[in-house]
Amino acid sequence: MEEATQTPLKTNEHAEGQSASRIRETRIQKLNALKELNIEPYPYKFEKTADNQTLQERYQELPAGEETTDVVRVAGRIMAMRNNGLFIDLQDTTGKIQVFCHKENLNEEYLKLLKLFDIGDMIGATGTIRRTPRGELSVKSTAIEMLSKSLLPLPEKFHGLTDKEIRYRQRYLDLIMNEDTRKTLRNRSLIVSAIRKYFLDKGFLEVETPMLQTIAGGAAARPFITHHNALDLEMYMRIAPELYLKRLIVGGLSEKVFELNRNFRNEGISFKHNPEFTMLEAYQAYADYHDMMDLVEDLISTVAQDVLGTQQITYQGQELNLARPWKRLTMIDAVRQEAGLDFDAIESNKQAFEAAKNIGLEPEAAWGWGKILEYVFEERVEPKMIQPVHIIDYPKETSPLAKVHRNDPRLVERFETRIYGWEVSNAFSELSNPLDQRARFEAQLEAREAGDDEAHQLDEDYVHALEYGMPPTGGLGIGIDRLIMLLTDSPSIRDVIAFPTMRPR
RNA sequence: GCGUCCAUAGCUCAGCUGGUAGAGCACUCCCCUUUUAAGGGAUAGGUCCUGCGUUCGAAUCGCAGUGGACGCACCA
């Protein structure tokens with residue numbers, strides 16, 4: 001750097017006000033002091049030879065008070081200093097190790113540098129491995145280096161950073177301070193990788209379809225609207241990739257395709273909802289929804305085993321058994337068992353309405369048989385579906401992209417997997433009949449005109465594609481963020497997204 | 001959108017029925033070279049979220065606003 005000037009502290013997320021400003025100015029003065037020692041506070045490179053966790057494991061058996069001649073070069077962030085810099089807690093991405101800075105081992109220059117170290121600085125240290133008489137594995141340093149001078153104070157060392165707003169808004173600070181956050185977000189990456197590997201191993205082709213769409217189809221949700229300047233065209237951020245993936249099945253790009261990427265829905269934010277979230281969708285030609293059930297079970301139990309090493313997990317104190325096989329229950333049976341209503345015996349919309357009223361629910365007069373069945377399920381059954389279960393055979397009227405049930409015209413071949421009461425997957429035998437698909441879309445248009453602004457739009461080109469012929473196809477969607485919440489025991493979706501959507505400050 | 005709760009030093013938090021604010025950690029200086037939430041001593045650090053009101057007097061009480069957390073609703 002040219003000259004360390006004492007620029008006034010501008011608006012700063014974490015550290016503002018007089019106290020933080022003074023700390024920052026003091027540290028900038030230390031930059032000048034470093035310059036006088038001909039030390040670059042922001043150097044280019046450091047040859048690191050070992051990770052802290054690796055060293056902790058390698059020297060696990062080294063007794064207290066023992067010293068080796070093994071020389072290592074470690075690097076990381078200073079998290080604590082004791083005895084005037086004699087002991088430094090150095091944290092790298094793998095763990096911590098103590099750096100021992102004794103004046104017998106460090107020359108005058110290093111001792112001057114040591115005085116300019118602050119908690120939060122990134123430093124490197126060279127030295128031999130020893131374990132102190134108190135049992136702490138340490139690098140007895142013969143050389144120390146500044147790798148990046150920190151200008152801002154870290155949160156308090158014992159309580160750490162607990163303020164949820166700061167943790168989400170300044171995730172970098174949360175990551176520095178909280179091992180749990182590091183672990184959760186690393187596990188997220190491992191889970192996503194394991195899912196991807198699972199599908200690739202099964203012969204699925206990973207594809208990418210448009211996130212900017214002129215018709216936001218494939219789900220019922222309000223989209224984000226944007227504008228393409230050169231085309232002077234209103235466009236939507238996708239709410240689902242479904243209709244494009246099925247176009248690829250029509251085209252025969254592969255009999256098995258999947259996409260694992262972001263969807264955007266312009267809806268409310270809650271512990272289970274973020275406006276942008278990660279969705280897996282997979283389609284397999286010549287398969288039906290029974291095959292998709294096998295796939296969901298095998299995928300999730302395999303990923304849990306691979307990443308967590310177990311299929312018995314605990315979410316917020318609730319034990320969940322992910323081992324196969326998972327229970328399968330039709331929606332009508334589930335409602336019969338848990339709510340005491342037999343929709344097989346209910347024929348008219350009016351009967352369904354009265355039946356729901358009789359058990360204390362308040363259906364709307366305009367709803368039909370299927371909508372009321374689903375409503376009763378959601379109100380009375382869903383919260384009880386704690387252990388993994390596939391709820392099978394949804395009513396036709398709420399599922400415009402699923403094929404009619406082969407044995408019951410009121411239903412479609414659709415299931416949702418429930419774990420902890422949450423919808424974890426949603427899958428169908430995909431509707432391949434173009435004439436039926438057009439009729440379903442037209443019914444959605446009527447619903448849209450009746451005020452349902454989340455009803456599907458009619459995608460003419462998609463129906464056109466179906467008219468060329470789509471093979472029988474099983475399709476599957478899994479909300480990846482919620483699955484990660486379950487697998488990492490995270491209470492909020494914001495805990496599993498590195499930078500969750502926040503109102504700007 | 002509705003309800004409940006919250007907002008005080010960089011961080012974690014006290015602050016009682018109204019009398020212009022405290023602690024620990026961090027920072028600065030001094031002591032201390034085998035500590036690990038190190039220790040001892042001395043400083044410094046505040047628009048008590050914002051505005052209006054009540055009052056002789058507001059961090060404290062009231063109203064409004066802003067931001068946040070949680071719950072409900074919405075999200076097939």
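Quick note on labels: first sequence line is chain A, next is B, and so on, each numbered from 1.
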* **Nucleotide nearest A:Ala80 when distance is taken to its side chain, options B:A38, B:U34, B:A76** => B:A38
* Between the side chains of A:Glu25 and A:Gln29, is a donor N or O closer than 3.5 angstrom to an acceptor N or O? -> no
* To do: Find the partner of B:U36: check Watson-Crick (N1-N3 plus N6-O4 or O6-N4) and G-U wobble (N1-O2, O6-N3) distances, both under 3.5 Å, and reply none if neither fits.
  => none
* For B:U20, glycosidic torsion class - syn if within 90° of 0, otherwise anti -> syn
* **Geometric cation-pi criterion, A:Arg130 with A:Phe100: 6.0 Å, 45°** => yes
* With both distances kept under 3.5 Å, what pairs with B:C2, Watson-Crick or G-U wobble? -> B:G71
* Structure fact -> Among the nucleotides B:U34, B:A26, B:U36, whichever has the atom closest to the side chain of A:Phe100 is B:U34
* What nucleic acid atoms does A:Thr162 come within less than 4.0 Å of, heavy atoms only: base, sugar-phosphate, or nothing? -> sugar-phosphate
* **Salt bridge present between A:Arg167 and A:Asp163 (N-O < 4.0 angstrom)** => no
* Touch check for A:Gly160, heavy atoms < 4.0 angstrom, all strands: base, sugar-phosphate only, or nothing? -> sugar-phosphate
* Hey, would you say the A:Trp367 and A:Tyr375 ring centroids sit under 6.0 Å apart? -> yes
* Distance-only donor-acceptor check, side chains A:Tyr289 and A:Asp393, under 3.5 Å -> yes
* When the C1' atoms of B:G19 and B:A26 are considered, how many whole Å apart are they? -> 32 Å
* Grab the CG-P distance between A:Asp118 and B:A26 for me, whole Å please. => 12 Å
* Minimum-distance nucleotide to A:Leu86 side chain [options: B:C27, B:U34, B:A76] -> B:U34
* Asked: Does a side-chain N or O from A:Arg82 land closer than 4.0 Å to OP1 or OP2 of B:G39, or not?
  -> no
* Using a 4.0 Å heavy-atom cut-off across all strands, classify A:Glu374 as base, sugar-phosphate, or nothing. => sugar-phosphate
* Asked: With nearest nucleotides of RNA chain B determined for A:Glu379 and A:Ser399 from heavy-atom distances, which residue corresponds to the more 5′ nucleotide?
  -> A:Glu379
* P spacing across the pair B:U33 / B:U50, given as an integer number of angstrom -> 47 Å
* Can you tell me the distance, in whole Å, between the CD1 atom of A:Ile97 and the P atom of B:U36? => 18 Å
* To do: Please test A:Asp180 against A:Lys183 for salt bridge (charged side-chain N to carboxylate O under 4.0 Å, His left out), starting from the C-alpha separation and ending with a verdict.
  => CA-CA 5 Å; A:Asp180 284 351; A:Lys183 188 173 180 192; over 6 Å; no
* Structure fact -> A:Met81 CE to B:G39 P, in whole Å, measures 15 Å
* Expressed in whole Å, how much space separates the C1' atoms belonging to B:U43 and B:C52? -> 39 Å
* Which is it for A:Gln316 and A:Asp489 under the side-chain hydrogen bond (donor to acceptor under 3.5 Å, both in side chains) test, yes or no, and what are the steps along the way? -> CA-CA 6 Å; A:Gln316 303 296 293; A:Asp489 195 14; 2.9 Å; yes
* Asked: Of all the choices, B:G67, B:C11, B:G10, which nucleotide is nearest to the side chain of A:Leu161 once you look at every atom?
  -> B:C11
* Rounded interatomic separation in angstrom, taking NZ from A:Lys149 and C1' from B:C27 -> 12 Å
* To do: Taking A:Glu413 for its side chain and A:Arg406 for its backbone only, find out whether a donor-acceptor pair lies under 3.5 Å.
  => yes
* Just compare B:C27, B:U12, B:A76 and give me whichever is closest to any side-chain atom of A:Arg27. => B:C27
* Out of B:A76, B:U28, B:C11, which has the shortest distance to the side chain of A:Lys30? -> B:U28
* Asked: B:A26 phosphate, OP1 or OP2: any side-chain N/O from A:Lys157 under 4.0 angstrom?
  -> yes
* Could you tell me the separation between the NZ atom of A:Lys272 and the P atom of B:A69, rounded to a whole number of Å? => 18 Å
* Structure fact -> Ranking B:A69, B:C27, B:A76 by distance to the side chain of A:Lys164, first place goes to B:A69
Restricting both atoms to N or O, compile the protein contacts to nucleotides 30-32 of chain B shorter than 3.5 Å, with distance only.
residue, atom, partner, partner atom, Å
B:C32, N4, A:Asn84, OD1, 3.4
B:C32, N4, A:Asn84, ND2, 2.6

* Would you mind pulling out the nucleotide paired to B:G10, Watson-Crick or G-U wobble, both distances under 3.5 Å? => B:C25
* Structure fact -> Any strand, both distances under 3.5 Å, Watson-Crick or G-U wobble: B:G62 pairs with B:C52
* To do: Tell me whether the OP1 or OP2 atom of B:C27 has a side-chain N or O from A:Thr26 closer than 4.0 Å.
  => no
* Structure fact -> Between A:Ser270 and A:Tyr394, the residue closer to the 5' end of RNA chain B by nearest nucleotide is A:Ser270
* P spacing across the pair B:U28 / B:G65, given as an integer number of angstrom -> 44 Å
* Indicate yes or no for a side-chain donor-acceptor contact from A:Arg238 to the backbone of A:Arg262 under 3.5 Å, with no hydrogens or angles considered. => yes
* Asked: B:A21 and B:C13: how far apart are their C1' atoms, nearest whole angstrom?
  -> 14 Å
* Reported CD-to-CG distance for the pair A:Glu109 and A:Leu114, which is rounded to 0.5 angstrom -> 13.0 Å
* **Distance between C1' atoms of B:A9 and B:C70 (Å, rounded)** => 27 Å
* Could you give me the CA-CA distance, side-chain angles and deciding distance for A:Lys140 and A:Glu67, then say whether salt bridge (charged side-chain N to carboxylate O under 4.0 Å, His left out) is met? => CA-CA 9 Å; A:Lys140 189 175 89 175; A:Glu67 185 162 351; 2.5 Å; yes
* For A:Asp163, report the nucleic acid contact type (base, sugar-phosphate, nothing); a contact means any heavy atom under 4.0 Å. => sugar-phosphate
* Give a yes/no verdict on a cation-pi contact between A:Arg414 and A:Tyr394, requiring under 6.0 Å between NZ or CZ and the six-membered ring centre and an angle within 45° of the axis. => yes
* To do: Find the distance A:His159:NE2 to B:U12:C1' and express it as a whole number of Å.
  => 5 Å
* Proximity to the side chain of A:Arg503 - top-ranked nucleotide from B:G68, B:U36, B:C13 -> B:G68
* Could you tell me whether the side chains of A:Thr398 and A:Lys371 share a donor-acceptor contact shorter than 3.5 Å? => no
* **Presence of A:Arg494 side-chain N/O under 4.0 Å of B:A69 phosphate oxygens OP1/OP2** => yes
* Asked: If the P atom of B:G57 is compared with that of B:A42, how far apart are they to the nearest Å?
  -> 39 Å
* Asked: Out of B:U36, B:C74, B:G68, which nucleotide sits closest to the side chain of A:Arg169?
  -> B:G68
* Asked: Could you give the CD1-to-P distance, from A:Ile88 to B:U33, as a whole number of Å?
  -> 17 Å
* Integer angstrom distance from the P of B:U66 to that of B:A23 -> 36 Å
* To do: Output the residues of residues 416-424 of chain A in contact with RNA chain B, where contact means a heavy atom of the residue under 4.0 Å from an atom of the strand; sort by number or write none.
  => none
* Rounded distance (Å) that lies between atom P of B:A76 and atom CD of A:Glu382 -> 12 Å
* Does B:A44 have a Watson-Crick or wobble partner in any strand here, with both distances under 3.5 angstrom, and which is it? -> none
* Do the side chain of A:Ser141 and the main chain of A:Ala143 share a donor and acceptor less than 3.5 angstrom apart? -> no
